[in-house]
Amino acid sequence: MIEYCNELEAKIENSSLRRSYDTTAQGQESCTFGPQMPARHFNLTSLVVAPFMLDPTPQATKTAIAPRRKEDFPEWYQQVIRAAELAEPSDVRGCMVIRPWGYGIWENMQRQLDRMFKATGHRNAYFPLFIPLSYFEKEAAHVEGFAKECAVVTHSRLEVNAEGRMVPASPLTEPLVVRPTSETIIGASYAKWVQSYRDLPILINQWANVVRWEMRPRVFLRTTEFLWQEGHTVHETEAEARAETKQMLDVYETFVRDHLAIPVFSGEKSESERFPGAVQTLCIEAMVQDRKAIQAGTSHFLGQNFARASGIQFQSRDGQQELAWTTSWGMSTRLIGTLIMAHADDDGMILPPRVAPTQIVIVPITPKEETRPAVFAAADELAAGLRTLSYQGAPLEVEVDRRDLGGGVKNWEWIKKGVPLRVELGPRDLESGNVAVSRRDQPVKTKQFLPRPELIERAVELLDSIQQNLFDRALQFREANTRVIDSREEFYNFFTPQDAGKPEIHGGFALAHWNGSRAVEEQIKNDLKVTIRCIPFDDPGNPVASGACIFTGEPSPRRVVWAKSY
RNA sequence: CGGGGUGUAGCUUAGCUUGGUAGAGCGCCUGGUUUGGGACCAGGAGGUCGCAGGUUCGAAUCCUGUCACCCCGACCA
């Protein structure tokens, strides 16, 4: 056994995979495993593998996804989406088809977020897809911000022309804008609903699709049509509206951290990155594996701007007519893209158990026809046992893969889809009472044998451990690529690729002092394509609270987060 | 909208310079052997070569136009 382990260790070394194992073997009595399929046994809950350790060197063994992250990150991203059957580009430019596996993730996100919205007193409603142009024109900054990406409906009928083609006919008296966001149309309703301070607050959320005619679409990250939720609230006082804005950002941060297993910086946007029409935009920013930043959620304090535009006013406690204070906040299917870029590896998707459409897949191994019924029966029985468990307030989702395919093929499909736990059950396990369990956050060949009752007993613990490990990895990655920077030169070096012709993955988050000027921000953007992602609430750089702007030497109250972004 | 590039089977592509009636790998279908790490053997289906026009006896190949997509810029959840 010892000899065998050493041999295996050597193979791992030679495969040029830089992996770090706990090789003390936890005394699993094992090798019930056939000689043709050796496997080492690890303690499943103690092993933590950091993302960089999972990176094979370019010459390493074949991975399920080509190219690898290091070779071509954007292409890798698209290939993961395809391999995991999350979505596909449609014939409609800029639009995507979200496939069942991808939509299942979205449904889980919806369910959990919705629960959090309800818990903070919000209710769902639905407002029209079409916004009359005149409504849209009411808030100047808002129009300016969205005008360039609006889809506009101008006709109400099709007719057959002389060439037999369908052509739009019957122009509308007033064009309709397909909502890029709903502040104005919802504001029109709110204006009717609000008369007295007793009608406040209004706390409403809507789940909807929106359309923004983007120049350069990318599946999930920037599509012409996307799905989201938009919360719209109205308040009596500024303080209450500001508190709501912050509260919902906190909900987002909690959701992304606890359910998507992604750490974020939360803070405020600089003026140039602010939502059109907002007084203040709060955001959470995540780092993904090419070290870029991605905005994972935003919450806006709209002041009285939209109340003024839509005429939302009320009679106050002392009988005065006053403008209300409004907020809006949103999260979109872009989060699925964020999830992919944050967690997936060179073998495909890796799903945090809390949003996985299926948490556990059981793969029956049926080498001989005569053993098949018994194996299937055992698999079904195990699945039934697991389904009695509750996970995150819902029954555990367990699938038995009965397809008549080779065990390897099935296994790899589930690896690419990112199912958290894979369970193999074959004829030999019928006698031993064991199953082979693999975690998606560990190297694909790692297995542990567990007696079936123990798997049922420990399933939730294993899923929690995966959830935690994904977060730990992501945090470790972010910390490894976040740098406190105190000089302009270091800043420029940090964000300048070694090879300008074929930029490698470089940079990350820079925590640096800034004098608050828009001009400086503009300059940095022009030079390096780097922007301020957020002005954090707490100083994450910590060494000194205040300091000097590294570009101008002027005083700076705090460090801000700089990065290239999606 | 500016600059560059590419269009051949579901995917990746060969052929194009030097015109002669379309080939491969993967995937798919059927049968058999397989199935505990991405299987193998045999057979099979699938393409008006992006589209339109032109040159020619003959066009994937040459010419003109057009459309779509990709990459780089301006914009963005």
Side-chain angles (χ1 to χ4, degrees), chain A residues 32-39 61-66 72 74-75 78-79 82-83 88-89 91-94 144-149 180-181 210-218 220-230 252 269 272-273 275-276 281 283-286 294-300 328-338 347-348 363-369 371-372 375 403-416 422-430 432 434-436 438 443-447 449 500-503 525-526 529 531 565-566:
Chain A
T32 48
F33 227 48
Q36 76 277 27
M37 188 48 234
T61 50
K62 188 186 170 193
T63 53
I65 305 297
D72 185 344
E75 182 60 23
Q78 299 196 90
Q79 293 304 326
R82 179 141 70 136
E88 62 191 24
D91 293 340
V92 185
R93 191 196 136 82
E144 199 186 326
F146 284 107
K148 279 172 285 185
E149 51 195 53
T181 178
V210 285
V211 167
R212 295 182 187 177
W213 215 263
E214 296 291 349
M215 290 289 101
R216 270 213 255 141
R218 286 187 67 189
F220 289 125
L221 297 177
R222 204 188 299 107
T223 46
T224 300
E225 179 191 15
F226 59 92
L227 306 183
W228 78 347
Q229 88 17 244
E230 47 181 327
Y252 287 160
K269 282 292 184 197
S272 61
E273 299 274 330
F275 176 78
T281 290
C283 64
I284 53 173
E285 292 280 330
I294 185 163
Q295 180 171 297
T298 50
S299 184
H300 314 292
S328 68
W329 26 275
M331 269 195 165
S332 73
T333 39
R334 183 181 228 202
L335 280 176
I336 300 175
T338 307
D347 287 319
V363 179
I365 307 295
T366 56
K368 296 191 190 73
E369 189 66 46
T371 61
R372 184 166 305 183
V375 171
R403 293 174 303 166
D404 186 20
L405 292 171
V409 174
K410 283 199 262 193
N411 238 322
W412 277 102
E413 280 189 23
W414 292 111
I415 291 166
K416 287 185 280 192
R422 304 188 303 282
V423 176
E424 285 176 46
L425 200 165
R428 282 194 288 272
D429 305 315
L430 292 182
S432 69
N434 285 345
V435 285
S438 303
V444 293
K445 292 184 181 174
T446 307
K447 295 184 183 182
F449 284 85
K502 192 175 181 296
K525 188 176 180 179
N526 288 339
K529 294 180 210 150
T531 49
S565 76
Y566 278 96

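First the proteins, then the strands, lettered A, B, ... as listed; each starts at 1. These figures come from a predicted structure and were not determined experimentally.
The separation of rC26(B) from rG43(B), taken at their P atoms, amounts to 15 Å, rounded to a whole angstrom. On the P atoms, rC49(B) is 34 Å away from rG31(B), given to the nearest whole Å. Remark: the separation of the P atoms in rU61(B) and rG7(B) is 12 Å, to the nearest Å. Taking atom P in both rU17(B) and rG50(B), one finds a spacing of 15 Å when rounded to whole Å. Using C1' as the reference atom, rG23(B) and rU66(B) are 29 Å apart when rounded to the nearest Å. The separation of rG20(B) from rA59(B), taken at their P atoms, amounts to 11 Å, rounded to a whole angstrom. Straight-line distance between the P atoms of rA22(B) and rU18(B): roughly 23 Å, to the nearest whole Å. A gap of 15 Å separates the C1' atoms of rU6(B) and rC16(B), to the nearest Å.
Within the 4.5 Å cutoff, the side chain of K447(A) has no heavy atoms near those of the R422(A) side chain.
Ionic pairing of K269(A) and E285(A) is present here: one or more N-O contacts between side-chain nitrogen and carboxylate oxygen are shorter than 4.0 angstrom. Under a 4.0 Å N-O distance rule, the pair R212(A)/E225(A) does not qualify as a salt bridge. Taking a cutoff of 4.0 Å between a charged side-chain nitrogen and a carboxylate oxygen, E214(A) and K148(A) do not qualify as a salt bridge.
Taking the ring-ring contact (aromatic ring centres under 6.0 Å, His included) definition, one finds that F146(A) meets it with H142(A), F275(A), sequence neighbours left out.
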Per-nucleotide protein contact string for nucleotides 3-9 of chain B, where B marks a base within reach and S marks sugar-phosphate only (heavy atoms under 4.0 Å, - for neither): -------
Nucleotide-resolved protein contact map, nucleotides 40-47 of chain B, B/S/- at heavy-atom distance under 4.0 Å: --------
Under 4.0 Å protein heavy-atom contact, by nucleotide of nucleotides 66-77 of chain B - B base, S sugar-phosphate only: ---SS-SBBBBB
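In this structure, T223(A) contributes its side chain and F220(A) its backbone to no donor-acceptor pair below 3.5 Å. Side-chain N or O atoms of E230(A) include none that pairs as donor or acceptor with a backbone N or O of G330(A) at under 3.5 Å. Between the side chain of T338(A) and the main chain of R334(A), a donor-acceptor pair closer than 3.5 Å is present. Formation of a donor-acceptor pair under 3.5 Å by the D347(A) side chain with backbone atoms of A64(A) is found in this model.
Going from atom CH2 of W412(A) over to atom P of rC26(B) covers 19 Å, rounded to whole Å. Atom CG of D347(A) and atom C1' of rG38(B) are 11 Å apart (whole Å). E75(A) has its CD atom 9 Å from the P atom of rU12(B), to the nearest Å.
The 12-atom threshold is not exceeded at CD of E144(A), counting heavy atoms of other residues, nucleotides or ligands nearer than 6.0 Å. For W412(A), the CH2 atom sits in a packed shell: over 12 heavy atoms of surrounding residues, nucleotides or ligands are nearer than 6.0 Å.
The two residues P364(A) and K410(A) come nearest to each other via the heavy atoms O-NZ, 3.9 Å. The two residues T446(A) and S438(A) have their closest heavy-atom pair at O-OG, 3.2 Å.
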Report each atom pair, protein N/O against N/O of nucleotides 28-31 of chain B, whose distance is under 3.5 angstrom.
none

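Side chain R403(A) to base rU35(B): no donor-acceptor pair is found below 3.5 Å. One cannot find a donor-acceptor pair under 3.5 Å joining the base of rG36(B) and the side-chain atoms of N411(A).
Atom-to-atom distance recorded for S299(A):OG and I284(A):CD1 is 10.0 Å, nearest 0.5 angstrom. Remark: L227(A) CG to I336(A) CD1 distance equals 8.0 Å, nearest 0.5 Å.
Residue-level contact check: G330(A) touches neither bases nor backbone, having no heavy atom under 4.0 Å from any strand.
For RNA chain B, runs of at least 3 consecutive pairs of the Watson-Crick or G-U wobble type, with both hydrogen-bonding distances under 3.5 angstrom, map to B:1-7 with B:67-73, B:10-13 with B:23-26, B:28-33 with B:39-44, B:50-54 with B:62-66.
Listed candidates were rG38(B), rU34(B), rG36(B). Nearest to the side chain of D404(A) is rU34(B).
Counting only N and O atoms by type, the side chains of T281(A) and H300(A) include a donor and acceptor under 3.5 Å apart.
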